[in-house]
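Worth knowing before you read on, the calculation uses all heavy atoms, side chains too, and leaves out hydrogens, waters and symmetry mates.
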Amino acid sequence: KANANGTNINYKWCDESGKEIGTGKDISVEPTKSTFYIIKATDEFNCVTEDTIRVNLFELMAEISGPTNICKGAEDMIMVTAALGTNYTYDWKPKEFINGPSNTNVIKIKPNSNTTFTVDISNGLGCVWTLSHSVIVNDPSLGIFAKADPDLVVPGAKTQLTTVENPNYTYKWSPAEGLSDVNIFNPIAMPTKTTAYTVTVTDQLGCTATASVTVKVISCEESLFVPNAFSPNGDSKNDEFRVRSNFISDIEIVVYNRWGQEMYKAKDAEAGWNGTFNGEKLGPDVFGYCVIYTCPDNTKHTKLGNVSIIK
């Protein structure tokens, strides 16, 4: 911008080579380097005077660097590397994900989600530049789980453990005892006591997450359910005497009356007694039973008791 006393003055602007670049009191320039400009003023009497103005172009001599990915909960650093001899000041954002000072060339970051960090860099002479760096937060805990099917077993029985299947994950199950493979997403477990299994998954960046599941182990005897009464009245509710267990392989069921006469015999756990003998319905009474069964660990057991027919 040119200032002069008087009126009817014409202005002409030239670059450092003398080439005319504009007229008028004000012009806008976009120099690509430090340079100077010449202003020539001519009044109404054709008198000419000139002056020069120097423009110093300040360029940012710095670059930003930092991690592209970070594990959720982990801390890392982003830095601005400036040329020797520079004297910059810094203002980083967002401050909620910065641990410690946010006005230095190096910051410690701990974002909990994907974040773009920006820094305003000033040279103290009115020039401000903004640089940015984006960080992706890896969180393998999203979607991770641990499951056992079934989650209730007896000694010698197997259960299927599973977690999320991802070709980019590695797996580690613990405790290892009784597991078919600790390094797959779906090992088979055969616990002998109630056990909490924990799986640790690790992604390609080295980020980890864990999940746990408890498999309860009960005795084979506890798994056997024998009812003490049933009502064979045709209402489809408790019409049969049926022995139940999810773990028994071989079974023999014998029911006899109070005089020791055999009323019913079966070797099928799915079979049930409908309260008849020789095709005749029996009346209300108390009967004895004997259940002989084999558990998954190949041990044989016998259970004796009474069952009542009620009407």
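- Taking the side chain as every heavy atom from C-beta outward, Cys71 and Leu205 approach each other to under 4.5 Å.
- With sequence neighbours excluded, the residues forming a side chain to side chain donor-acceptor pair (under 3.5 Å) with Glu75 are Asn99, listed by chain and number.
- With sequence neighbours excluded, no residue forms a salt bridge (Lys or Arg N to Asp or Glu O under 4.0 Å) with Asp15.
- To the nearest 0.5 Å, the span separating OG on Ser231 from CD1 on Ile310 amounts to 5.0 Å.
- Listed for the Ser180 side chain is a donor-acceptor partner under 3.5 Å among the backbone atoms of Ile188.
- For Glu16 and Thr35, the side-chain atoms include at least one donor-acceptor pair closer than 3.5 Å.
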* Give the intermediate values and the outcome of side chain to side chain donor-acceptor pair (under 3.5 Å) for residues Thr294 and Lys300. => CA-CA 4 Å; Thr294 302; Lys300 288 187 177 294; 3.0 Å; yes
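- Across all non-hydrogen atoms, the minimal contact from Val201 to Pro140 is CG2-CB, 4.2 Å.
- Put simply, CG on Asp26 and OG on Ser28 are 8.0 Å apart, with the number rounded to the nearest 0.5 Å.
- In plain terms, the two heavy atoms of Ala157 and Pro296 that are nearest each other are N-CB, 3.9 Å.
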* **Intermediate values then yes/no, side chain to side chain contact (heavy atoms under 4.5 Å, CB included), Ile53 and Asp51** => CA-CA 7 Å; Ile53 182 171; Asp51 201 353; over 6 Å; no
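- A salt bridge links Lys93 to Asp91: one of the charged nitrogens lies within less than 4.0 Å of a carboxylate oxygen.
- A donor-acceptor pair under 3.5 Å is formed between the side chain of Trp273 and the backbone N or O of Thr276.
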* To do: Could you please spell out the steps behind the side chain to side chain contact (heavy atoms under 4.5 Å, CB included) verdict for Asn228 and Asn306?
  => CA-CA 6 Å; Asn228 57 15; Asn306 294 321; over 6 Å; no
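- In this structure, Lys72 and Asn112 have side chains that are in contact, with non-hydrogen atoms separated by less than 4.5 Å.
- Here the closest non-hydrogen pair linking Ile144 and Ala211 is CG1-CB, 4.1 Å.
- Transitive grouping of hydrophobic side chains (ILVMFWY, heavy atoms separated by less than 4.5 Å) brings Tyr11 and Tyr37 into a common cluster.
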Using distance only, find each side-chain donor-acceptor pair of residues 254-266 under 3.5 Å and give its atom names and separation, not counting sequence neighbours.
unit_1, atom_1, unit_2, atom_2, d
Asn257, OD1, Trp259, N, 3.0
Asn257, OD1, Gly260, N, 3.1
Asn257, OD1, Gln261, N, 2.8
Asn257, ND2, Gln261, OE1, 3.3
Arg258, NH2, Asp285, OD1, 2.5

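- Note: Ile309 CD1 to Leu282 CG = 5.0 Å, rounded to the nearest 0.5 Å.
- Rounded to the nearest 0.5 Å, atoms SG (Cys220) and NE2 (His301) are 5.0 Å apart.
- Applying the side-chain hydrogen bond (donor to acceptor under 3.5 Å, both in side chains) test to residues at least two apart or on different chains, the pairs with a partner in residues 148-172 are Asn168-Gln204.
- Under the 4.5 Å side-chain heavy-atom criterion for ILVMFWY residues, no single connected hydrophobic cluster contains both Tyr293 and Val154.
- In terms of modelled atom types and a separation under 3.5 Å, the side chain of His133 and the main chain of Pro67 share a donor-acceptor contact.
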* To do: With side chain to side chain contact (heavy atoms under 4.5 Å, CB included) as the test, would you mind laying out the steps for Lys303 and Tyr289 before giving the verdict?
  => CA-CA 8 Å; Lys303 183 177 179 64; Tyr289 65 77; 3.8 Å; yes
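- In this structure, NZ in Lys25 is found 10.5 Å from CD1 in Ile39, a value given to the nearest 0.5 Å.
- Connectivity analysis of hydrophobic side chains (ILVMFWY, heavy atoms under 4.5 Å, direct or indirect) links Leu131 to Phe58, Leu60, Met61, Ile64, Ile70, Ile78, Val80, Tyr88, Tyr90, Trp92, Phe97, Ile98, Ile107, Ile109, Phe117, Val119, Ile121, Leu125, Trp129, Val135, Val137.
- Thr115 has its side chain within reach of Pro94: a pair of non-hydrogen atoms, C-beta onward, lies under 4.5 Å apart.
- Among all heavy-atom pairs drawn from Pro191 and Val217, the shortest one is CG-CG2, 3.8 Å.
- Under a cut-off of 6.0 angstrom, the local environment of CD in Glu20 is crowded, with over 12 non-hydrogen atoms contributed by other residues, nucleotides or ligands.
- Pairs passing the side-chain hydrogen bond (donor to acceptor under 3.5 Å, both in side chains) check and including a residue from residues 41-50, sequence neighbours excluded, do not occur.
- Every residue two or more places apart in sequence or in another chain was checked for a side chain to side chain donor-acceptor pair (under 3.5 Å) with Asp76, and none qualifies.
- Heavy atoms from other residues, nucleotides or ligands lying under 6.0 Å from CD of Glu270 number 12 at most.
- When all heavy atoms are compared, the tightest approach of Asp239 to Gly234 is OD1-N, 3.3 Å.
- The minimum heavy-atom distance between Arg242 and Arg244, with the atom names listed, is O-NH1, 3.5 Å.
- With sequence neighbours excluded, the residues that form a salt bridge (Lys or Arg N to Asp or Glu O under 4.0 Å) with Lys267 are Glu252.
- Under a hydrophobic clustering in which Ile, Leu, Val, Met, Phe, Trp and Tyr are joined whenever their side-chain heavy atoms come within less than 4.5 Å, directly or via other members, Val213 and Val182 fall into the same cluster.
- In this structure, Thr210 has no side chain to side chain donor-acceptor pair (under 3.5 Å) partners at least two apart in sequence or on a different chain.
- Taking a 6.0 Å sphere around CD of Glu240, one finds it holds more than 12 heavy atoms contributed by other residues, nucleotides or ligands.
- Sorted by first and then second residue, the pairs that involve residues 102-111 and meet side-chain hydrogen bond (donor to acceptor under 3.5 Å, both in side chains), not counting sequence neighbours, are Lys95-Ser102.
- Taking hydrophobic clusters as Ile, Leu, Val, Met, Phe, Trp and Tyr residues chained together by side-chain heavy-atom distances below 4.5 Å, Val199 does not share a cluster with Met190.
- Sequence neighbours left out, the pairs with a member in residues 187-198 that pass side-chain hydrogen bond (donor to acceptor under 3.5 Å, both in side chains) are Thr198-Ser212.
- Residues passing the side chain to side chain donor-acceptor pair (under 3.5 Å) test with Ser223, sequence neighbours excluded: Ser245.
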* To do: Dump the intermediate steps for side chain to side chain contact (heavy atoms under 4.5 Å, CB included) on Val243 and Ile251, then the final yes or no.
  => CA-CA 9 Å; Val243 178; Ile251 190 169; 3.9 Å; yes
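- With Glu222 contributing its side chain and Ser219 its backbone, the two residues share a donor-acceptor pair below 3.5 Å.
- Atoms CD1 and OG1, from Ile136 and Thr116 in turn, are 9.5 Å apart once rounded to the nearest 0.5 Å.
- Looking only at distances, no side-chain donor or acceptor of Trp173 sits under 3.5 Å from a matching main-chain atom of Leu161.
- Grouping the Ile, Leu, Val, Met, Phe, Trp and Tyr side chains by contacts below 4.5 angstrom, directly or via other members, places Ile184 apart from Val164.
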